[in-house]
Amino acid sequence: MGASMPVSREAVVSLTLILALLAGALIAQASGETFYVTLATRIAILALAATGLNLALGLGGLVSFGHAAFFGIGGYACGILAIHAYNGEPMILGLPGTQTMPVIWLAALVASGLVAVAIGALSLRTSGVYFIMITLAFAQMIYYFAISWPAYGGEDGLSIFVRDNFPGVNTLKPLPFFLICFALLAAGLFFFGLVRDSRFGAALQAARQNPVRVAALGMAPFRIRLVAFVLSAMMTGVAGALYVDLNRFVSPSMLSWQMSGELIVLVVLGGTGRLAGPLAGAALYVLFEFLLGGMTERWQFFLGLILLLVVLFARGGVVGLLAGRARHG
Amino acid sequence: MQIDLLIEQVLNGVQFGVMLFLMAAGLTLIFGVMGLINLAHGSLYMVGAFACAAVAAATGSFWLGLVASLAAAAAAGAIVEVVVVRRLYKRDHLDQVLATFALILIFSEGTRWLFGSSPLYLNIPGALSGAVSLPGDLDYSLYRLFIIIVGMAVAAGLYFLIAHTRLGMRIRAGESDREMIAALGVDITTLYTLVFALGAALAGLAGAMVGALQSVQVGMGEPVLILAFVVVVIGGIGSIKGALIGAVLVGVIDTLGRFLLPAALHLFLPASQAASIGGSIASMLIYVFMALVLVVRPQGLFSANA
């Protein structure tokens with residue numbers, strides 16, 4: 001990373017946003033307003049999911065309109081493992097369920113990663129508008145499958161009754177659970193930064209800007225993009241598992257096209273391809289939903305209007321506004 | 001299994017496919033001519049259904065409702081094109097996706113505001129209710145047959161419009177080289193608005209006709225929109241012929257899958273399991289078909305630019 005002004009300014013903005021989230025949760029806890037701790041937890045989880053998407057969308061230019069699939073698969077991995085452990089029934093192949101978070105996260109990583117390999121290998125054969133429609137279609141396929149498969153609640157979803165546990169932490173209290181989510185968000189952002197500044201990240205961004213040149217240099221854009229797509233899906237999958245632990249509930253709505261759209265909105269509202277973009281977007285979205293949702297039932301109407309104005313007139317998102325437009329192409 | 005039942009399901013599949021064609025034709029035309037991916041196409045479908053239900057309820061005439069659905073959807077389309085979509089042609093797909101996603105939110109909540117959250121109901125017109133006897137001693141719903149005929153007529157009309165009229169010539173020219181036809185003095189701005197309104201009217205017509213089979217409610221458009229995307233991916237972007245063949249294929253595969261798979265699984269599974277597993281697999285069938293097409297021909301079966 002160079003030492004030029006815009007880059008360092010972005011680092012300051014990123015750090016400030018991350019610390020503001022932590023400070024907000026701590027202050028809320030200190031003043032006894034645990035509801036706001038839960039709100040901060042929601043921000044952290046959505047930011048992690050969107051950071052995953054930012055890997056594919058921001059760095060790779062892959063407009064995936066199907067990331068709800070991975071969010072929901074992570075969610076169902078959590079829900080299914082937890083409900084089997086709760087009922088004491090083994091799953092298929094006689095495997096036991098579990099209520100230990102790290103094991104659940106691993107399962108969410110593997111499940112969403114495997115599905116992403118299949119969806120990515122097929123959709124990345126195309127590009128542009130085809131890619132958007134195909135990722136949307138495959139996510140819809142998984143959505144309908146979840147609705148029509150009765151074993152885990154079908155359309156009604158699945159309640160997990162008790163939040164899963166983490167060794168040495170009381171996850172039932174809001175603040176410790178927030179800190180777990182915050183730590184994972186920090187790890188996710190660190191990983192995003194690592195990928196962005198790595199040789200792989202350079203190749204991925206080059207493949208966005210000019211795939212023909214990348215191919216001429218002897219690198220296959222398809223493989224680079226597939227790896228990025230799978231990594232991106234895995235991060236979103238873990239966020240899905242956390243989201244289910246937050247709500248103690250998983251349903252097909254986590255897999256819906258609206259969820260995919262919301263994830264894109266978070267990334268673009270915050271700043272596509274920027275480190276803290278998804279965090280800024282998630283914070284804005286959750287606060288917006290909370291404040292406007294308190295005033296009017298029709299808050300999504302105004303969300304639509306604002307979103308439309310942002311797309312038409314204010315490009316670059318929140319981070320672009322705060323840290324200047326440092327990104328190329 | 002009775003052959004009658006099978007033929008009836010095939011016809012239902014064709015009817016479903018024809019309805020998907022009305023959606024997919026507009027999408028593929030708008031993408032082919034303007035290079036725009038329009039997520040709000042499902043909202044125009046919804047506008048058509050609500051306009052038809054509201055006017056039919058007020059006047060008691062389904063036919064006036066049908067006219068109203070065409071007019072309302074075309075007007076909504078034209079307004080959206082002039083106010084918003086026009087600014088998106090030169091933007092990248094991400095901006096188009098976001099802006100039209102925002103339009104979905106506005107349309108959905110706006111419709112809830114106007115009509116409330118409970119669904120409206122639209123009755124099949126008296127002249128089209130009941131069954132008709134087809135050759136081979138088969139009774140089939142007259143209204144569904146009407147949808148098939150209207151859809152086929154629209155397909156023929158679109159073919160004539162695009163292949164044999166001046167407007168169609170301009171649309172085809174716009175698809176292949178928009179700078180050139182602008183340089184030749186064609187008013188490209190008006191042409192784009194016309195094409196967008198035409199696509200919107202087709203979506204509105206589909207929404208109105210299906211509104212009499214299902215309930216008319218907010219959010220009815222998006223599942224159909226996503227299926228229309230599957231159709232466009234299978235048929236190839238920009239190809240009306242591809243949209244028609246893709247739509248009928250998707251409609252028939254989906255309908256027959258839901259009908260035949262549970263029955264087939266019942267041969268070696270208990271009935272309840274066969275129904276649930278068969279239903280789950282059947283819901284994924286068209287996407288599997290899409291994946292197969294992607295493996296063989298990533299650009300779709302009849303891509304206009306292939």
Side-chain angles (χ1 to χ4, degrees), chain A residues 57-58 61-63 65 118-119 121-134 136-151 154 256-258 260-262 264-265 267-269 272 296-313 315, chain B residues 27 31 35-37 39 83-84 87-88 91-110 112-113 117 219 222-223 225-230 232-233 236-237 272 275-288 290-292 294-295 298-300 303:
Chain A
L57 176 65
L62 307 171
V63 185
F65 209 122
I119 293 183
L122 284 165
S123 354
L124 286 168
R125 294 169 64 86
T126 65
S127 60
V129 67
Y130 268 107
F131 183 79
I132 299 171
M133 297 195 288
I134 291 163
L136 180 58
F138 279 129
Q140 193 77 352
M141 168 176 98
I142 295 171
Y143 170 77
Y144 280 127
F145 182 74
I147 280 189
S148 57
W149 190 257
S256 67
W257 64 269
Q258 289 99 330
S260 294
E262 272 172 35
I264 296 185
V265 169
V267 173
V268 179
L269 213 57
T272 319
T296 164
E297 216 181 314
R298 305 271 169 259
W299 69 279
Q300 289 213 331
F301 183 84
F302 299 98
L303 175 71
L305 278 183
I306 291 174
L307 189 59
L308 198 58
L309 292 176
V310 168
V311 177
L312 291 180
F313 303 110
R315 306 169 73 187
Chain B
L27 275 179
F31 185 81
L36 176 95
I37 173 165
L39 294 179
V83 177
V84 178
R87 298 164 212 276
L88 297 170
R91 299 289 192 85
D92 58 19
H93 294 317
L94 180 58
D95 281 355
Q96 298 177 348
V97 162
L98 269 171
T100 51
F101 180 73
L103 284 175
I104 295 182
L105 297 179
I106 294 171
F107 267 110
S108 295
E109 285 304 326
R112 256 194 213 113
W113 226 332
S117 294
E222 282 70 35
L225 171 83
I226 297 172
L227 285 179
F229 279 158
V230 173
V232 171
V233 168
I237 287 181
S272 66
S276 71
I277 296 177
S280 308
I281 300 177
S283 71
M284 302 179 25
L285 218 53
I286 49 171
Y287 305 98
V288 175
M290 178 185 82
L292 285 177
L294 276 176
V295 170
Q299 73 279 36
S303 177

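Only this structure's heavy atoms are used, side chains among them; waters, hydrogens and symmetry mates stay out. Here is the naming used below: chain letters follow the sequence lines, and residue numbers restart at 1 for every chain.
Within the 4.5 angstrom heavy-atom criterion, atoms from both the backbone and the side chain of B:Met284 approach chain A. Interface remark: B:Ile104 contributes side-chain atoms only to the contact with chain A (heavy atom separation under 4.5 Å). Proximity to chain A is limited to the side chain of B:Val230, based on heavy atoms less than 4.5 angstrom apart. For chain A, no part of B:Ile281 is nearby; none of its heavy atoms comes within less than 4.5 Å. For B:Leu39, the part lying under 4.5 angstrom from a heavy atom of chain A is the side chain only.
The CE atom of B:Met290 lies 7.5 Å from the OG atom of A:Ser123; values are rounded to the nearest 0.5 Å. With rounding to the nearest 0.5 angstrom, the CD1 atom of A:Ile134 is 11.5 Å from the CZ atom of B:Phe229. If you take CE on A:Met133 and CG on B:Leu27, they are separated by 8.0 Å, rounding to the nearest 0.5 Å. In this structure, CG in B:Leu225 is found 7.0 Å from CG in A:Leu136, a value given to the nearest 0.5 Å. A:Glu297 contributes atom CD, which lies 8.5 Å from atom CD of B:Glu109 (distance to the nearest 0.5 angstrom). One finds the CZ atom of A:Phe301 at 5.5 Å from the CH2 atom of B:Trp113 (value rounded to the nearest 0.5 Å).
Here the side chain of A:Arg125 pairs a donor or acceptor atom with the backbone of B:Val295 at under 3.5 angstrom. A distance-only check finds a donor-acceptor pair linking the side chain of B:Arg91 to the backbone of A:Leu312 [under 3.5 Å]. A donor-acceptor distance shorter than 3.5 angstrom exists from the side chain of A:Tyr130 to the backbone of B:Gln299, with no hydrogens or angles considered. Judged purely by atom type and a 3.5 angstrom limit, B:Ser280 has no side-chain atom pairing as donor or acceptor with the backbone of A:Phe145.
Listed here is the closest heavy atom pair of B:Ala291 and A:Leu122: CB-CD1, 3.7 Å. Shown here for B:Ala99 and A:Leu308, the closest heavy-atom pair between the two residues is O-CD1, 3.5 Å.
Considering only heavy atoms from C-beta on, B:Leu94 comes within 4.5 Å of A:Leu57 through its side chain. In this structure the side chain of A:Val265 reaches within 4.5 angstrom of the side chain of B:Phe101, judged on heavy atoms. At a threshold of 4.5 Å between non-hydrogen side-chain atoms, the residues B:Ile106 and A:Gln300 do not count as touching.
Of the listed residues (B:Leu98, B:Ile37, B:Val288), the greatest number of heavy-atom pairs within a distance under 4.5 Å of chain A belongs to B:Leu98. Options A:Ser148, A:Gly261, A:Ala121 differ in how many heavy-atom pairs under 4.5 Å they form with chain B, and the most are formed by A:Ser148.
Test A:Tyr144, A:Phe65, A:Trp257, A:Tyr143 against B:Ile226 for side chain to side chain contact (heavy atoms under 4.5 Å, CB included) and you get one pass: A:Trp257.
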